[in-house]
Amino acid sequence: MSIPATIKVKPGPMNSPDALPYTLPLLSDAEAITRAQNFSEHLKQRRTCRDFSADPVPREVIEAAIMAAGSAPSGANHQPWHFAVIETPETKRAIREAAEAEERRFYGTAGDAPKAGAEWLAALADLGTHADKPFLETAPYLIVVFAQRKGGIDEDGETQNYYVNESVGIACGMLLATLHVAGLATLTHTPSPMGFLRKVCGRPEWEKPVMIIVVGRPSLQATVPAHAMRKKPLTQIASWL
Ligand code: IYR
């Protein structure tokens, strides 16, 4: 394959005075299609995993995935996220205990009526989830994702942030994609409510915990619910106008 030419874009009048040229490799249509299809096929193999092995994974993979997440687009480029990486057994245990206590209230296995409505519980029946979350202790890493309501780019805790949910959502997608490319299994876990994570991770009150991303290798017994394999076709998720 020949080395792709590059397009150089001249800083134009719409750009800031210190704008830098933006270049991308110029791919043939065939190459662009192949790359997009291959990447799509690869990403489609990602499954949510709920049964992790205790095998360690390299810290460098986690670091690279967080750097990928940190390169996500964000409102005013304020990068309104923080990733707390949990690796010690004590902190994992603290998170598991607090999360399971909330989940027992959610599923109604704590004695009281479930906090989740009947429709929600019925929707989860397809996935077979329940209040026990052993993976929070088994998996080698938990990444707790925080959204910063304020902080700006210099994290002074004062400046307003913008499109925080959207920005953090995109960053989480890039984190998951990078971990998948590295051959690791992930689970987006959202105990509700999850305010306890702020305290466990020592984060300030203006940060909102968004999710726990559990990272590791699937256990040898790991399975995927058939329901999770059902993905909507292109015709259902896209329209062309
Ligand atoms: N947080 C609970 C419930 C749960 C909710 C949704 I929506 C899911 O897609 C999966 C689980 C739990 O983790 O079990």
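Heavy atoms only: backbone and side chains are in, while hydrogens, waters and symmetry mates are out. When a ligand or atom number is given, it counts from 1 through the structure's own listing order.
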Anything with a heavy atom under 4.0 Å from ligand 1 counts, so go ahead and list those protein residues by chain and number.
Glu103, Phe106, Tyr107, Trp120, Leu124, Leu127, Thr129, His130, Lys133, His189, Thr190
Under 4.0 Å between a Lys/Arg side-chain N and an Asp/Glu carboxylate O for Lys92 and Glu137?
no
Sidechain N-carboxylate O distance under 4.0 Å for Glu102, Arg105:
yes
Between Tyr107 and His130, does the ring centroid distance fall short of 6.0 Å?
no
So which pairs with a foot in residues 208-230 pass ring-ring contact (aromatic ring centres under 6.0 Å, His included), sequence neighbours left out?
none
Under the ring-ring contact (aromatic ring centres under 6.0 Å, His included) test, which residues partner Phe39, sequence neighbours left out?
none
N/O donor to acceptor pairs below 3.5 angstrom from side-chain atoms of residues 177-197, sequence neighbours left out:
unit_1 : atom_1 : unit_2 : atom_2 : d
Thr178 : OG1    : Met174 : O      : 2.7
His180 : NE2    : His42  : O      : 2.6
Thr186 : OG1    : Arg46  : NH1    : 2.6

